[in-house]
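This report refers to the structure that appears directly beneath it.
Small disclaimer: the values here were computed from a predicted structure and weren't measured. One-based numbering, in listed order, for ligands and for the atoms of each.
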Amino acid sequence: MKYSRITGTGSYLPPRRLTNADLVAELAAKGVETSDEWIVERTGIRARHFAADGVFSSDLGMEAAKKALEAAGRSAKDVDLIIVATSTPDMVFPSTACILQNKLGANGGAAFDVQAVCSGFVYALAVADSMVKTGAAKCALVVGAEIFSRILDFNDRTTCVLFGDGAGAVVLEASDTPGILSSDLHADGKHVSILCVPGHVSGGAILGDPLLKMDGQAVFKLAVGLLESAARATLNKANLTEADIDWLVPHQANIRIMQSTARKLKLSMDKVVVTVDQHGNTSAASIPLALDAGVRSGQVKPGQTLLLEGVGGGFTWGALLLIL
Ligand code: ACO
């Protein structure tokens with residue numbers, strides 16, 4: 001078995017859905033001014049979901065994972081590796097992957113988190129691919145799960161309108177036929193300060209500010225160039241071209257970033273899976289949420305070639321090319 005292949009996808013959104021109108025009204029009550037027009041025009045976002053108090057990333061991940069396992073025809077007992085991509089873990093430690101493993105009843109295999117913010121799912125899938133290809137794992141569960149609503153500053157209109165909560169998951173199995181074809185991962189730590197949650201735990205207290213800070217324009221400019229270069233690198237590694245891509249499944253941060261990437265890759269927007277309008281930016285959960293939405297709507301079909309790509313805090317970025 002020299003390949004790894006996705007055999008099932010799943011996703012989950014917490015039930016509380018806020019349209020832009022709902023959020024605008026909540027923010028207005030706090031004296032924070034924004035509008036549906038501004039949010040739609042600048043980002044393409046129309047709604048997002050927020051988790052209830054007492055719900056954790058592992059809970060959202062568990063619902064997504066159960067659906068992915070069902071779609072793959074697997075049970076928790078088959079899973080020998082769990083990787084959770086998250087920047088909003090349940091606890092400082094243990095990892096959300098260990099907590100999820102126990103909730104699923106998949107105990108015994110390896111389990112760990114990957115922290116690459118919005119690129120987290122691409123990173124996690126690339127790591128799982130390597131482990132499956134080397135025989136270190138046979139049936140991996142790769143999950144992106146986030147509760148960004150807990151790290152948003154609802155007095156900062158430049159960030160709080162952008163994000164949402166949710167989870168997506170895939171089952172990745174050893175296979176004789178090609179699945180994941182290539183991946184390309186990068187980070188440049190000199191950009192830490194343009195997108196970060198700078199607080200930390202020390203001596204029983206939180207020091208620094210534990211809420212998201214973002215220089216939106218700096219992120220935007222970097223994202224557009226880096227996503228194109230990662231996309232081209234994965235295509236080159238697989239000896240394919242843009243013309244071979246059936247679907248671009250990008251990180252869902254902003255419709256304008258997706259349109260720009262599609263333009264650079266000469267892809268029509270008909271070939272881009274878009275869920276940002278309904279989910280907002282769910283960070284590491286956004287790619288598997290979009291993938292599952294595409295699969296379950298019947299748009300994205302087995303045998304098609306998909307380019308997944310993400311960019312996020314760190315700064316991190318990466319892309320992954322696969323045959324579904
Ligand atoms: N409602 C109304 N007005 C607003 C809002 C808001 N929610 N937010 C900002 N504004 C105002 C600003 O104050 C500014 O007003 P001014 O001109 O009077 O100063 C004006 O709108 C324009 O602000 P800009 O920041 O220039 O707006 P821009 O067009 O750059 O859009 C945005 C901002 C949407 C954040 C954009 O820069 C962006 O999408 N950046 C990328 C963000 C991203 O992708 N982040 C996720 C990365 S993934 C991760 O790792 C978490």
Side-chain angles (χ1 to χ4, degrees), residues 18-28 30-46 48 57 85-88 114-124 144-166 185-189 191-198 210-228 230 250-261 274-277 279-287 289-290 308-319:
L18 282 93
T19 63
N20 286 347
D22 298 329
L23 187 62
V24 167
E26 281 196 10
L27 293 174
K30 296 157 63 77
V32 177
E33 224 181 281
T34 184
S35 66
D36 174 52
E37 294 72 26
W38 191 95
I39 301 170
V40 172
E41 187 193 316
R42 305 281 175 138
T43 72
I45 297 167
R46 293 178 187 277
R48 75 285 294 141
S57 292
T86 187
S87 300
T88 48
V114 161
Q115 220 291 32
V117 200
C118 301
S119 313
F121 187 76
V122 172
Y123 265 66
E146 301 280 16
I147 303 193
F148 257 55
S149 58
R150 304 246 165 94
I151 54 167
L152 295 178
D153 178 353
F154 285 97
N155 289 306
D156 176 8
R157 68 177 183 175
T158 67
T159 54
C160 72
V161 301
L162 305 175
F163 296 90
D165 304 337
L185 304 178
H186 299 274
D188 186 346
H191 300 296
V192 164
S193 62
I194 64 170
L195 183 50
C196 57
V197 177
L211 298 175
L212 186 145
K213 309 274 172 260
M214 180 172 73
D215 177 344
Q217 289 194 3
V219 170
F220 197 107
K221 278 182 203 144
L222 263 177
V224 169
L226 297 175
L227 286 172
E228 184 192 7
H251 169 47
Q252 309 281 318
N254 183 316
I255 190 71
R256 291 187 293 146
I257 296 179
M258 291 185 246
Q259 286 164 340
S260 161
T261 309
V274 176
T275 53
V276 70
D277 54 332
H279 303 168
N281 180 347
T282 57
S283 192
S286 93
I287 293 173
L289 263 164
L308 279 46
E309 47 149 45
V311 62
F315 216 66
T316 56
W317 67 99

Inset, instruction - Please work out whether the ring planes of F315 and H191 are parallel, tilted or perpendicular, with thresholds of 30° and 60°. - result: perpendicular
Inset, instruction - Measure from atom 4 (C) of ligand 1 to the protein's non-hydrogen atoms and state whether any distance is below 4.0 Å. - result: yes
Inset, instruction - Report the nearest protein non-hydrogen atom to atom 2 (C) of ligand 1: residue, atom name, distance rounded to 0.1 Å. - result: W38 CG, 3.4 Å
Legend entry - 4.0 Å heavy-atom contact, V311 with ligand 1: yes
Inset, instruction - Check the side chains of E146 and T88 for a donor-acceptor pair under 3.5 angstrom, ignoring hydrogens and angles. - result: yes
Legend entry - atom 50 (O) of ligand 1 touched by protein (heavy atom, under 4.0 Å): yes
Inset, instruction - Could you tell me whether R157 and ligand 1 have an N or O pair separated by under 3.5 Å? - result: yes
Legend entry - Contact check: I257 vs ligand 1, nitrogen or oxygen atoms, below 3.5 angstrom: no
Legend entry - Non-hydrogen atom of A223 closer than 4.0 Å to ligand 1: no
Inset, instruction - Would you verify that at least one protein heavy atom lies under 4.0 Å from atom 18 (O) of ligand 1, or report that none does? - result: no
Legend entry - Closest approach of any protein heavy atom to atom 47 (C) of ligand 1, naming residue and atom: L195 CD2, 3.6 Å
Inset, instruction - Taking the side chain as every heavy atom from C-beta outward, state whether E26 and L18 have any atom pair closer than 4.5 Å. - result: yes
Inset, instruction - Determine whether the side chain, the backbone, both or neither of N254 has a heavy atom under 4.0 Å from any heavy atom of ligand 1. - result: side chain
Legend entry - Within-4.5 Å side-chain heavy-atom neighbours: F148 and D165: yes
Legend entry - Qualifying residues under side chain to side chain contact (heavy atoms under 4.5 Å, CB included), relative to A21, sequence neighbours excluded: T19
Legend entry - Nearest neighbour in protein (non-hydrogen) for atom 45 (N) of ligand 1: M214 SD, 3.2 Å
Legend entry - atom 41 (C) of ligand 1 - nearest protein heavy atom and its distance: G216 O, 3.5 Å
Inset, instruction - Measure the distance from atom 48 (S) of ligand 1 to every protein heavy atom, then report the residue, atom name and distance (to 0.1 Å) of the closest one. - result: C118 SG, 2.7 Å
Inset, instruction - Just go through R256, M258, Q217 and tell me whose heavy atom is the nearest to atom 31 (O) of ligand 1. - result: R256
Inset, instruction - Give the contacting part of T43 toward ligand 1: side chain, backbone, both or neither, where contact means a heavy-atom distance below 4.0 Å. - result: side chain
Inset, instruction - Give the residue, atom name and distance (to 0.1 Å) of the protein heavy atom nearest atom 1 (N) of ligand 1. - result: T34 OG1, 2.6 Å
Legend entry - For atom 43 (C) of ligand 1, the protein heavy atom that lies nearest, with its residue and separation: V219 CG1, 3.7 Å
Inset, instruction - Pick one of side chain, backbone, both or neither for how N281 approaches ligand 1, counting any non-hydrogen atom pair under 4.0 Å. - result: side chain
Inset, instruction - Looking only at protein heavy atoms, identify the closest one to atom 22 (C) of ligand 1 and say how far it is in Å. - result: R42 NH1, 3.5 Å
Inset, instruction - Would you check the N or O atoms of V161, main chain and side chain alike, for any that come under 3.5 Å of an N or O of ligand 1? - result: no
Legend entry - Straight-line distance of I39 CD1 to N20 CG, nearest 0.5 Å: 4.0 Å
Inset, instruction - Scan the protein's non-hydrogen atoms and note whether one is under 4.0 Å from atom 38 (C) of ligand 1. - result: yes
